[in-house]
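Positions are given from 1, in the same order as the sequence printed here. Just so it is clear, the structure is predicted and the values come from calculations on it, not from any experiment. Just the heavy atoms: all of them, side chains too, but no hydrogens, waters or symmetry mates, feed the values below.
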Amino acid sequence: MTTTPKRRALPATATRPVENTLNRIRVAQPGMAKGASRIADYILAQPDKIVIMSVTELSEETGVSEGSIINFCRGIGLSGFQQMKLSLAQEIVQPVQFIHEDVSREDDIDTICRKVFHSGIQALRDSLSVLDPAALSRAVETIRAAKRVEVYGIGSSAPIAEDTYYRMLRIGLDARVVVDSHVQAISASRCDPDVAVLTISHSGATHETVAATRLAKEAGANTIVITNFARSPIQAYADVVLFTMARETNFRTEAMTSRIAQLCVVDALIAALALADYERSTETLRQTFDVLSIKRF
């Protein structure tokens with residue numbers, strides 16, 4: 001007697017709707033191949049139609065294979081086509097509170113403020129939806145196990161790297177920050193397995209930061225990357241990836257909304273690190289507060 005093997009049930013998280021699916025697609029689309037970009041265009045143009053389609057029907061409409069559609073779904077962090085349909089259905093019924101709007105030359109100060117603040121709020125909402133608690137936990141473990149932490153950032157990510165370094169010092173970590181690309185290359189090449197490297201890069205495609213992260217990885221360091229949600233070269237050299245999700249527009253480039261999202265991810269990382277070693281962190285914070293008190297009137 002033969003029995004038909006039972007299909008293994010997907011975990012609950014694989015079928016649960018995911019927030020901000022349309023925005024995930026918009027953010028990832030610039031780096032997509034032609035076929036995937038065609039799928040993205042179709043979904044963005046008529047998300048309500050996708051909800052009632054089968055994967056075969058979408059394949060016929062877009063001229064790509066069913067496998068390409070499944071890979072597309074996985075590329076934006078979904079388990080498959082069914083989860084995308086559920087997520088789109090939820091998003092259509094409950095649209096996000098704030099819509100990304102670009103500022104224009106006709107806008108008055110009040111309108112500019114509203115658009116910029118709403119964009120920052122949306123970047124935080126979107127980034128929270130893609131930040132993986134398990135990845136954050138691995139980042140905490142990686143940093144706690146390291147004897148030294150190197151923090152890298154270039155351009156608009158440099159101030160975030162410097163703030164991260166300052167925050168790590170305040171809780172007693174042996175950290176260094178490098179925002180010069182030449183020094184980054186030297187620093188990375190001299191890493192070893194006792195070093196954790198945290199690279200902050202919105203695009204994940206800046207030659208200098210990708211090269212530094214690669215050199216650190218090849219030297220044996222454990223690497224953590226904070227980057228925007230999309231496929232990018234730097235992820236190939238990261239042991240842990242912490243995603244943000246900030247959209248670029250003509251005037252509000254990644255130098256604005258990405259920094260807000262990056263700072264919040266760093267805040268979450270520092271808070272988790274401090275709580276993981278609560279006694280030492282609170283004592284170090286007290287000591288550094290006392291030291292800095294001489295700087296205040």
(message) Working note: Val130 + Arg24, criterion side-chain contact (heavy atoms from CB on, under 4.5 Å); need CA distance, chi angles, decisive distance, verdict.
(response) CA-CA 9 Å; Val130 297; Arg24 288 173 180 237; 3.5 Å; yes
Under 3.5 Å, is there a donor-acceptor pair between the side chain of [X] and the main chain of [Y]?
X	Y	answer
Ser137	Pro133	no
Ser203	Ala205	yes
Ser281	Asp277	yes
Ser129	Asn20	no
Ser59	Val55	no
Ser189	Leu215	no
Ser37	Lys34	no
Ser293	Asp290	yes
Ser87	Val18	yes
Gln83	Ser79	yes

(request) Please test Asp174 against Lys147 for salt bridge (charged side-chain N to carboxylate O under 4.0 Å, His left out), starting from the C-alpha separation and ending with a verdict. (result) CA-CA 7 Å; Asp174 183 3; Lys147 292 182 179 178; over 6 Å; no
Sub-4.5 Å side-chain heavy-atom contact between [X] and [Y]:
X	Y	answer
Tyr166	Val177	no
Val151	Val149	yes
Ile143	Leu269	yes
Tyr152	Val197	yes
Val266	Ile270	yes
Thr244	Phe229	no
Val64	Ile69	yes
Val225	Ser201	no

Do the side chains of [X] and [Y] join up, straight or via other hydrophobic residues, at under 4.5 Å, putting them in one cluster?
X	Y	value
Ile186	Val179	no
Val27	Val241	yes
Met245	Leu136	no
Ile234	Val265	no
Ile226	Tyr237	no

Once rounded to the nearest 0.5 Å, what's the spacing between atom [atom1] of [X] and atom [atom2] of [Y]?
X	Y	atom1	atom2	answer
Asn228	Thr257	CG	OG1	8.0 Å
Met53	Asp48	CE	CG	11.0 Å
His118	Ile121	NE2	CD1	5.5 Å
Lys49	Glu61	NZ	CD	4.5 Å
Ile43	Leu58	CD1	CG	6.0 Å
Met168	Asp163	CE	CG	10.5 Å

(request) Scan Leu263, Thr164, Thr209 and name whichever one has a side-chain contact (heavy atoms from CB on, under 4.5 Å) with Ile200. (result)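 The passing option is Thr164.
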Take atom [atom1] in [X]; do more than 12 heavy atoms of anything else shown fall under 6.0 Å from it?
X	atom1	answer
Arg231	CZ	no
Leu292	CG	yes
Arg190	CZ	no

I'd like to know if [X] and [Y] make a salt bridge, using a cut-off of under 4.0 Å between side-chain N and carboxylate O.
X	Y	value
Glu141	Arg144	no
Asp267	Arg167	yes
Asp41	Arg38	no
Arg138	Asp239	no
Arg114	Asp110	no
Arg148	Asp194	no

Can you name the closest pair of heavy atoms from [X] and [Y] and give their distance?
X	Y	value
Lys115	Asp107	NZ-OD2, 3.0 Å
Phe81	Ser54	CE2-C, 3.5 Å
Leu169	Thr284	O-CG2, 4.2 Å
Pro233	Gly204	CD-O, 3.2 Å
Val195	Cys191	CG1-SG, 3.8 Å
Ala139	Ile224	O-CD1, 3.8 Å

(message) Check for me whether Arg176 meets the cation-pi criterion with Tyr165, that is, NZ or CZ under 6.0 Å from the six-membered ring centre and within 45 degrees of the ring axis.
(response) no
(message) Testing the 3.5 Å rule here: is there a donor-acceptor pair between the side chains of Thr213 and Thr199?
(response)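 Yes - a donor-acceptor pair under 3.5 Å links their side chains.
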(message) Working note: Ser68 + Asn71, criterion side-chain hydrogen bond (donor to acceptor under 3.5 Å, both in side chains); need CA distance, chi angles, decisive distance, verdict.
(response) CA-CA 5 Å; Ser68 295; Asn71 289 336; 5.4 Å; no
(request) Show the numbers, then the answer: is there a side-chain contact (heavy atoms from CB on, under 4.5 Å) between Leu273 and Leu173? (result) CA-CA 10 Å; Leu273 282 165; Leu173 295 176; 4.0 Å; yes
(message) Does Thr282 form a side-chain contact (heavy atoms from CB on, under 4.5 Å) with Tyr278? I'd like the steps, not just the answer.
(response) CA-CA 6 Å; Thr282 52; Tyr278 184 81; 3.7 Å; yes
(message) Checking Asp126 against Gln122 for the side-chain hydrogen bond (donor to acceptor under 3.5 Å, both in side chains) test, could you report, in this order, the C-alpha distance in whole Å, the side-chain angles of both residues, the deciding distance, and whether it holds?
(response) CA-CA 6 Å; Asp126 291 345; Gln122 191 63 48; 2.8 Å; yes
(message) Please determine whether side-chain contact (heavy atoms from CB on, under 4.5 Å) holds for the pair Glu66 and Thr56, giving the CA-CA distance in whole Å, both sets of side-chain angles, and the decisive distance to 0.1 Å.
(response) CA-CA 6 Å; Glu66 294 181 15; Thr56 302; 2.8 Å; yes
